[in-house]
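Atoms within each ligand, like the ligands themselves, are counted from 1 in listed order. Heavy-atom basis, side chains included; hydrogens, waters and symmetry copies ignored.
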Amino acid sequence: MRHFISVNDVSDLQSLTKEALALKKNPYQFKELGKNKTIGLIFLNPSLRTRLSTQKAAQNLGMNVIVMNMDKEGWALETQDGVVMNHNTVEHIREAAAVMGEYCDIIGVRSFPRLVDRQEDYSEDFFNKFIKYSGVPIVSLESATRHPLQSFADLITIEETKKVARPKVVLTWAPHIKALPQAVPNSFAEWMNKAEVDFVITHPEGYELAPEFSGNATIEYDQDEALKGADFVYVKNWSSYKDYGKVITMDSYWMMDHEKIALTNDARVMHCLPVRRGIELADEILDGPNSIVIQEASNRVWSAQAVLKKILESNF
Ligand code: AN0
Ligand code: CP
């Protein structure tokens, strides 16, 4: 594996999942693998889980870790080519990424979409330029359209929790007060479409994901109908892809609570976090026995460690 940007960078999903679960049992077995190698974690947006779990994963493999909060500590980056930089941007991504590539053997990058121009966000221009100019392997810590380390942790969590060989997994839209990216649901859909699960997506009209991400998933607009017989319910808000970046509804009927769970096959409830209590998910769910959100966040270490191990093994 050279870069880790999407599920398409994984050649064998089942074996990578097994590898992550083996690392969970024996975290320090490969602590020589990353010796004298440096990973830089570059954040253009806030983070709790991604920052700490990826740092921990790299340390378990013996790597040195540098973290930089570009949004607060770095120079404002220019990404357009051929512009005269007489406004707010101070440094071009051509130099910034190249310099970081000199200091780091692997770079992790988080850069959210602006949610203004759909074409701009979905072109993944920032990530593609980072890959081009840094010259080193790049790991997505959430890009404009995907969050693959999260989706991989989600798959690991489903694998270790499922009670039937082919569980029914329902991705449900939930209300939120802000416009959030489609990256988490896009990515989750992309991974579930490749996993051994029956996958259903439910959301109000107007919240359809881009077809390249929803793929062959069953789309059900009636949430109660979608939840019937579900073994896993994955809760997430996202803004509209069609009416790009807009919040079309905040209908509280879509919040998961005990009444909704009663429709399922005693489903385990997942959420990538951070979650807004009382808006996306009821307290009774988060504090009750159906929630596996902490286990899910915990598995972020093993998804990151399995990915970094693969990159270290194939590049150095
Ligand atoms: C971000 C999102 O929805 O993409 C990060 C989730 C991991 N969430 C928020 O901005 C609240
Ligand atoms: N789930 C997730 O990526 O959380 P952070 O935004 O806190 O990293």
Side-chain angles (χ1 to χ4, degrees), residues 4-6 20 39-58 65 67-72 108-116 118 121-122 124 126-127 139-158 171-191 201 203 207 209-210 213 234-241 244-248 250 254-255 269-281 286 291-305 307-308:
F4 183 70
I5 305 297
S6 85
I39 185 168
L41 303 178
I42 312 298
F43 288 89
L44 285 90
N45 309 95
S47 166
L48 185 157
R49 280 143 291 272
T50 305
R51 173 186 317 244
L52 299 183
S53 63
T54 312
Q55 188 158 352
K56 184 170 161 132
V65 185
V67 181
M68 183 158 185
N69 305 311
M70 276 299 276
D71 53 338
K72 298 177 194 79
V109 185
R110 166 167 283 197
S111 175
F112 287 176
R114 289 200 304 131
L115 293 177
V116 176
R118 185 167 97 177
D121 290 343
Y122 275 67
E124 292 284 11
F126 184 85
F127 256 73
V139 175
S140 169
L141 306 176
E142 189 173 343
S143 71
T145 65
R146 292 177 173 96
H147 194 356
L149 284 176
Q150 179 66 51
S151 313
F152 183 27
D154 299 334
L155 178 63
I156 294 166
T157 308
I158 290 170
L171 164 63
T172 179
W173 180 90
H176 203 283
I177 56 161
K178 288 200 165 165
L180 298 190
Q182 296 104 35
V184 170
N186 278 347
S187 200
F188 185 69
E190 197 171 49
W191 285 68
I201 307 176
H203 53 69
Y207 279 99
L209 297 172
F213 290 105
Y234 195 93
V235 180
K236 183 72 182 88
N237 168 268
W238 63 89
S239 62
S240 176
Y241 172 75
Y244 192 66
K246 297 286 186 306
V247 175
I248 327 174
M250 298 200 295
W254 285 77
M255 181 178 78
V269 177
M270 302 175 70
H271 189 290
C272 66
L273 307 181
V275 66
R276 296 229 180 194
R277 284 174 171 252
I279 296 178
E280 289 177 88
L281 267 169
L286 283 163
S291 169
I292 54 169
V293 299
I294 305 301
Q295 177 189 344
E296 184 184 354
S298 171
N299 281 333
R300 290 292 306 273
V301 176
W302 317 114
S303 71
Q305 197 168 328
V307 165
L308 293 180

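No donor-acceptor pair closer than 3.5 Å links the side chain of Ser239 to the backbone N or O of Ala179. Without hydrogens or angle criteria, Gln305 side chain to Val301 main chain gives no donor-acceptor distance under 3.5 Å. Using a distance-only test at 3.5 Å, with no hydrogens or angles considered, no donor-acceptor pair links the side chain of Asn299 to the main chain of Ile156.
Among Arg300, Gln55, Glu142, the one residue that satisfies the side chain to side chain donor-acceptor pair (under 3.5 Å) test with Thr50 is Arg300. The only option from Glu124, Gln182, Glu190 that meets the side chain to side chain donor-acceptor pair (under 3.5 Å) definition with Thr145 turns out to be Glu124.
If you take CG on Leu209 and OG on Ser187, they are separated by 11.0 Å, rounding to the nearest 0.5 Å. A distance of 10.0 Å separates CG in Leu273 from NZ in Lys236, rounded to the nearest 0.5 Å.
In terms of polar-atom proximity, Pro274 is not counted as a contact of ligand 2, lacking any N or O under 3.5 Å from an N or O of the ligand. Close N/O approach between Pro46 and ligand 2 is not found [any backbone or side-chain N/O within under 3.5 Å].
Within the 4.0 Å heavy-atom cutoff, Glu142 counts among the residues contacting ligand 1. Ligand 1 is never approached by Ala183 to a heavy-atom distance shorter than 4.0 Å.
The distance from ligand 1 to the heavy atoms of Leu273 drops below 4.0 Å at these ligand atoms: 7 (C). Contact atoms of ligand 2 toward Leu273: 1 (N), 2 (C), 4 (O) (distance under 4.0 Å to a heavy atom of the residue). Close approach of ligand 1 to Lys236 is summarised as follows: ligand atoms under 4.0 Å from at least one heavy atom of the residue are 2 (C), 3 (O).
Among Arg51, Arg49, His147, Glu142, the residue whose heavy atom lies closest to atom 3 (O) of ligand 2 is His147.
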Audit row: Arg146, Ser140, side-chain hydrogen bond (donor to acceptor under 3.5 Å, both in side chains) steps and yes/no: CA-CA 8 Å; Arg146 292 177 173 96; Ser140 169; over 6 Å; no
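Ring planes of Tyr207 and Trp238: perpendicular class, angle over 60° (limits at 30 and 60°).
Atom 6 (O) of ligand 2 has Arg110 NH1, 2.8 Å as its closest protein atom, hydrogens excluded (heavy atom only). The single protein non-hydrogen atom nearest to atom 7 (O) of ligand 2 is Leu48 N, 2.6 Å, given as residue, atom name and distance. Of the protein's heavy atoms, Phe112 CZ, 4.0 Å lies nearest to atom 1 (C) of ligand 1. Here the heavy atom of the protein found nearest to atom 2 (C) of ligand 2 is Arg300 NH1, 3.4 Å. The nearest protein atom to atom 8 (N) of ligand 1, hydrogens excluded, is given as Leu180 CD1, 4.3 Å; this is a heavy-atom distance.
Under 4.0 angstrom from ligand 2, there are no non-hydrogen atoms of Leu141.
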